[in-house]
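Since the structure comes first, as structure tokens, the remarks are kept for the end.
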Amino acid sequence: MAAKGEDEVSRQVKAQHRSVGFFSETELVQIDPGNESHGQNEDSELNETGLLLAGILVNEARLGRNGYFEIAPKELRLYKSYNKPVFRVLVYFCSWIILCLTLFETPAVPGLSLPYWATMLVEYFCLFVFTFRLFHVWCFAAGVKFWSDKKNVFFLSMVVLTFLDMIMYIIFKECELPVVTVRWTRVFRPLFLTNISEGRQLRRAFRNIRKTLPDIANVLVLLLLLIGLFSLLGTKLFGKRKLKDIHGNSYFTNYWDVYFRLYVLTTTANNPDVMMPAYDNNPWSSLFFVIFIIVCMYIFISIFLAVVYKNYRKHLKNEIRASAYRKRRQLRQAFDVLKVWCDEKWVVTEKRWQTLMEEVCPKWSTARVALLWQVLDSNNDGKIGKKDFLMVADVLNVKVIEVKDQVNLFEKFVPRIYNARLSAKIRVFVCHTYFVYFFDLVIFVNAIFIAVEQNDGEIFFLAIFNLEIILKIYTYGFKRFFSHFWNIFDFLVIVSATLALIIESSYESLQSSQSVLDFLMVLRVLRLVKVLGTIKRFQVIIGTVMQIGPAMSTYGAIMFVLFYIYAIIGMELFGNLIKTEGSHSPAVNNGTNSKNLTEFCGNINLKDSDFYEDRYCNNNFNDILRSFKVLFDLMVVNQWHIITQGYVRVTSKFARIYFFSFHLLCVIVVLNIFVAFILEAFMLEYSITHGKIETVFSKKIEETGIGVGMCPVKERAASILNMDDENSETIKDQQRSSYTTVEQLALETGLRFKMPSQQKKNADLILQEMFEDELEEDDVGPKDIEDLDDPDESEELMKYRPKRKLTFKTIDGD
């Protein structure tokens, strides 16, 4: 019966693997020939290839990666080295370096200009690193899907085009040909950052935007048509009245000018200026603009945001489903490599778990590995099944703080004084909540003194704050004290302020020390932020903002990419058309005040323009930093039409296309998607505090008594010292034999564990946990993952199908 059961399990697992596109039956036998005879037992060793594959798969699931590679010893080692932090940091470094070259290239930031050959040498080095990175991928994935991966093809194309562009630029530059030399590939530099393997989240966000655009196009087109209808109506209502605007120009006569003005009105940037000539002529004319604002801005823009949010959530759900299924498939495959047949079922033993963790997390302490095992081993039988193993990625992602249980230095060197009755009372007082409340109150009073500019109490407050630091160090010890950010912050500020006060008192000639002291005391008041965070009503909001902050970096990177592309285009189109120097300084010529050539921002076309009158001359595209600042002003929307008007004057009305497209793409589309992301992340973080995995960790730490503050060193030492010498070893052995593995390790190493107040999780991880709760144990998604409306991910989920026969053997498997 047992043999039949084994054969049935083996047949089902192989059939299931074939259905999800992992290994074929032949490939499973090649990976682990022992499966056919079911000769594996819990003492069998795991060979190098099987360990490499299992470790890679667990890391892929843990970190959310979806790489592809051939399943052979050489390729597995190459893929493992590909993901080493040093190479990843190097690629990130080169990606940012190649972006920063714009600071030094013509038109360069003032004072940073370099010869073109110097910047090109740096660019050549970065291209070499990118090429080497692609070659590394080819070495372990040439037989899988290297050329079918659009990311690799696009990246290689960018390298080749950039190299050719650099050669052509050098030829034109050195030959001094009468042509304008333009480095046109600079506009594509942000795409290096997007298409590196490490830019996974950035590509995913762009993919989400790309999928959302067709869904919101209907509302956007309808809005633009509605603006066109109002523009036509406006020209008919006001165009024949011969009205003039503030600059004496014809009012509402040109259809495209009216269209642009009404589009700007949807952003409220030119309200009520745009309506004033008509309103002055007839107060009832304001109804036209009121109706336009209500319909186009309050109704359609709100509907647009709702549509964006709805479609964003839909595509996000599909992304999360694909990620969750991919993680499950990776963990199931790792389980199939590690599993052994024991007690009529497939399991992973503790021995193999420890071997796996040495591969996955080699720097983790043995006690932490044992703690993770106890969390997974829900039955406490020394084995984990498939269901528990599917939690490995979540368990590895839980942040657990390790604290070395050490004796305080004061207790070590002056134990009699430290353990005296008065000292004990002082330490109890410092640990009490009222101690924290008292010094929070002192900080608040100090803030009031600073606000009313009363400097008489500075010495008093410094003395109080120094006393606080001394008492905390005395009570907690140096290591524990400096393990908290706010303690380090307090120490640096107070010690610096004390030194500044001593210097001021010793050397009266030093006048700057007082300003330094004032600045440091103001920094101390920043600790009020922590006080606000302890108030329950504020705690949820502040904690939520801190949680979603890292997750928002992805969309911040998207805005940076768009800013960079538009900045480069703006520098090529509008560079040096507007000057910054001499914008409002009259020159004396023949005894009379006359205007410099550069007074109108260096361009006479800006005379009598709002751009010049509002002193916007520094809002130009003369270098990359100024270009970024202009684009940020455009994103903020206020007065963006004035900036547009200035560049229309110095070029032509076609310049509106540049500013119109930027506002449409970056503000209307991307920022609304960004808002939708924040709303989704905020609601998730607001409603969820700790997941089930964190709860299991907390309970296990409490049950085993290995938490911070549990069974401290002093109490253990005292109990052991009170034992008779002849009985102490026997009693200690009896105690140790009753401990579980993690307790023994914690006792021997002095390690203690605690859970942080908040686990930093992005919205994706939270959604994955919520989605996985709805899945059955064997649910790994549809056979064709394209059913999830995510073709890119479907290719990644099929990545483990090798293209050639394998000749190596491993021990563990189906």
- [ ] List for me each residue that meets side-chain hydrogen bond (donor to acceptor under 3.5 Å, both in side chains) alongside Asn311, sequence neighbours excluded, and say none if there are none.
- [x] none
- [ ] Could you go through the side-chain contact (heavy atoms from CB on, under 4.5 Å) check for Phe130 and Ile98 one step at a time?
- [x] CA-CA 11 Å; Phe130 295 150; Ile98 206 170; 4.2 Å; yes
Open item on the list: Taking atom CH2 as the centre, does Trp138 end up with more than 12 heavy-atom neighbours from other residues, nucleotides or ligands that are less than 6.0 angstrom away?
Closed with: no
TODO: Check whether any side-chain heavy atom of Ile71 lies under 4.5 Å from a side-chain heavy atom of Gln333, and answer yes or no.
DONE: yes
Task: Criterion ring-ring contact (aromatic ring centres under 6.0 Å, His included) on Phe335 and Trp353, from CA distance to verdict - done: CA-CA 11 Å; Phe335 178 81; Trp353 164 259; over 10 Å; no
Task: Expected output: side-chain His315 to main-chain Asn208 donor-acceptor under 3.5 Å - done: no
Open item on the list: I want to check something: taking the side chain as every heavy atom from C-beta on, are Leu76 and Leu53 in contact at a cut-off of under 4.5 Å?
Closed with: yes
Task: Heavy-atom check, side chain of Lys327 versus side chain of Asp394, under 4.5 Å - done: yes
Task: Any residue meeting side-chain contact (heavy atoms from CB on, under 4.5 Å) with Asn195, in chain and number order, not counting sequence neighbours - done: Lys151, Phe154, Phe155, Leu191, Arg203
Task: Heavy-atom pair with the smallest gap, counting every atom of Val561 and Pro190 - done: CG1-CB, 3.7 Å
Open item on the list: What's the separation between atom CE in Met391 and atom NZ in Lys386, rounded to the nearest 0.5 Å?
Closed with: 16.0 Å
Task: Derivation and outcome, side-chain contact (heavy atoms from CB on, under 4.5 Å), residues Phe192 and Val159 - done: CA-CA 9 Å; Phe192 284 118; Val159 171; 4.0 Å; yes
Would you mind writing out the side-chain donor-acceptor pairs for residues 83-92 within the sub-3.5 Å range, not counting sequence neighbours?
from  : atom 1 : to     : atom 2 : distance (Å)
Asn83 : ND2    : Tyr79  : O      : 3.2
Tyr92 : OH     : Glu198 : O      : 3.0

TODO: Report the residues that fulfil side-chain hydrogen bond (donor to acceptor under 3.5 Å, both in side chains) with Lys345, sequence neighbours left out, ordered by chain and then residue number.
DONE: none
Task: Distance, nearest 0.5 Å, that separates CG of Asn397 from CG of Leu63 - done: 7.0 Å
Open item on the list: Nearest 0.5 angstrom please: Trp373 CH2 to Gln354 CD, how far?
Closed with: 8.5 Å
TODO: Specify the closest pair of heavy atoms between Arg210 and Pro214, including all atoms of both residues, with the distance to one decimal.
DONE: O-CD, 3.1 Å
TODO: Please report the shortest heavy-atom distance between Glu48 and Arg77, naming the atom on each side.
DONE: OE2-NH1, 3.3 Å
- [ ] Determine the minimum heavy-atom distance between Ile97 and Cys126, stating which atoms define it.
- [x] CG2-SG, 3.8 Å
- [ ] Would you name the heavy atoms of Val395 and Leu372 that are closest together and state the gap between them?
- [x] CG1-CG, 3.5 Å
Open item on the list: Evaluate Lys74 against Cys139 for side-chain contact (heavy atoms from CB on, under 4.5 Å), listing each step before the verdict.
Closed with: CA-CA 9 Å; Lys74 178 182 176 181; Cys139 288; over 6 Å; no
- [ ] Please name the pair of heavy atoms, one in Ile558 and one in Ala205, separated by the smallest distance, quoted to 0.1 Å.
- [x] CD1-CB, 3.2 Å
Open item on the list: Using modelled atom types and a 3.5 Å cut-off, is there a donor and acceptor pairing between side-chain atoms of Glu60 and backbone atoms of Gly67?
Closed with: yes
Open item on the list: Looking only at side-chain N and O atoms, does Asp149 offer a donor or acceptor that is under 3.5 Å from a partner on Tyr68?
Closed with: yes
Task: Arg332 to Phe389 six-membered ring, cation-pi geometry met (6.0 Å, 45°) - done: no
Open item on the list: Nearest 0.5 Å, please: how far is CG in Asp336 from CG in Leu331?
Closed with: 11.0 Å
- [ ] Please identify each residue that fulfils side-chain contact (heavy atoms from CB on, under 4.5 Å) with Phe128, with sequence neighbours left out.
- [x] none
Open item on the list: Quick one, Lys80 and Leu52 - any side-chain contact, counting heavy atoms below 4.5 Å?
Closed with: yes
TODO: Output the distance between atom CZ (Arg65) and atom CD (Gln330), rounded to the nearest 0.5 Å.
DONE: 9.5 Å
- [ ] Taking the side chain as every heavy atom from C-beta outward, state whether Val340 and Trp346 have any pair of such atoms under 4.5 Å apart.
- [x] no
Open item on the list: If you define the side chain from C-beta out and look only at heavy atoms, does anything of Asn152 sit under 4.5 Å from Trp147?
Closed with: no
- [ ] List in chain and number order the residues that pass side-chain hydrogen bond (donor to acceptor under 3.5 Å, both in side chains) with Ser157, two or more places apart in sequence or in another chain; answer none if no residue qualifies.
- [x] none
TODO: Rounded to the nearest 0.5 Å, what's the gap from CD1 on Ile209 to CG on Leu213? Could you check?
DONE: 7.5 Å
Open item on the list: Could you check whether any side-chain heavy atom of Val670 comes within less than 4.5 Å of a side-chain heavy atom of Met559, counting everything from C-beta outward?
Closed with: yes
- [ ] Fit a plane to each ring of His136 and Tyr82, take the angle between them on a 0 to 90° scale, and name the class: parallel (under 30°), tilted (30 to 60°) or perpendicular (over 60°).
- [x] perpendicular
- [ ] Could you tell me whether the side chain of Phe135 reaches within less than 4.5 Å of the side chain of Thr131, counting heavy atoms only?
- [x] no
- [ ] Applying side-chain contact (heavy atoms from CB on, under 4.5 Å), run through Arg62 and Cys361 and close with a yes or a no.
- [x] CA-CA 11 Å; Arg62 171 194 174 194; Cys361 306; 3.4 Å; yes
